[in-house]
Amino acid sequence: MLSDPGLRAPLAVALGAIPGALCRYYLTLAANRWLGSEFPAGTMLINLSGCVLIGLCFTLLAGRGGLAADLRLLLITGFMGAYTTFSSYALDTLTLIEVGRRWAALFYWLGSSSLGLVGVLIGSDLARRLS
């Protein structure tokens, strides 16, 4: 049953996502308690620590097959995906830079943040109009 990749992959992602989401939740609460909630320090802490963690996991597991593929899904897609997607954004930017696609990296880096903000503004405006 667990030898079926069609079952192993989503199971690995799900098993990583649960602790990732819980870590994000509890670290945000702790940061708000310690530092206050006037500035999103918890989110910033999570995003920056997530970048360090995804770099560590990706590099340690790069080029390894078998169990490492399941660990990549569990740690990078599952845990890190639930912990922070900012780390994936940073890793994707680095990957584009490393393969020599500097303009694509710049567009992705700036475009994701600026167009993401525009998307939130549009969604918020739409919600106000609908309510």
Please tabulate, for side-chain N and O atoms in residues 90-112, each donor-acceptor pair with protein atoms closer than 3.5 Å (sequence neighbours left out).
unit_1 : atom_1 : unit_2 : atom_2 : d
Asp92  : OD2    : Tyr108 : OH     : 3.3
Thr93  : OG1    : Tyr89  : O      : 2.8
Thr95  : OG1    : Leu91  : O      : 2.9
Ser112 : OG     : Tyr108 : O      : 2.8

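Taking Ile76 as the reference, Ile54, Cys57, Phe58, Arg72 meet the side chain to side chain contact (heavy atoms under 4.5 Å, CB included) condition, with sequence neighbours excluded. Contacts of Ala17 classified as side chain to side chain contact (heavy atoms under 4.5 Å, CB included), with partners at least two apart in sequence or in another chain: Ala82. With sequence neighbours excluded, no residue forms a side chain to side chain contact (heavy atoms under 4.5 Å, CB included) with Ala31.
Cluster annotation: Phe79 is not connected to Val13 through the hydrophobic network of ILVMFWY side chains, with a link wherever side-chain heavy atoms come within less than 4.5 Å. Note on Leu11 and Leu74: same hydrophobic cluster, where clusters join Ile, Leu, Val, Met, Phe, Trp and Tyr whose side-chain heavy atoms are under 4.5 Å apart, directly or indirectly.
Within the structure, salt bridge (Lys or Arg N to Asp or Glu O under 4.0 Å) contacts touching residues 121-131 (residues at least two apart or in different chains) are Asp125-Arg129. The salt bridge (Lys or Arg N to Asp or Glu O under 4.0 Å) contacts involving residues 23-48 comprise nothing, where partners must be two or more places apart or lie in separate chains. Among pairs with a residue in residues 73-84, those fulfilling side-chain hydrogen bond (donor to acceptor under 3.5 Å, both in side chains) read Asn47-Thr84, Ser49-Tyr83, at least two apart in sequence or across chains.
Considering all non-hydrogen atoms of both residues, Ser87 and Cys51 come closest at CB-N, 3.8 Å. What you find for Met80 and Gly50 is that their closest heavy atoms are CE-O, 3.1 Å.
The other residues sharing a hydrophobic cluster with Leu48 are Phe39, Met44, where clustering joins ILVMFWY side chains under 4.5 Å apart. Through direct or indirect side-chain contacts shorter than 4.5 Å among Ile, Leu, Val, Met, Phe, Trp and Tyr, Tyr25 is connected to Ile18, Leu22, Tyr26, Leu29.
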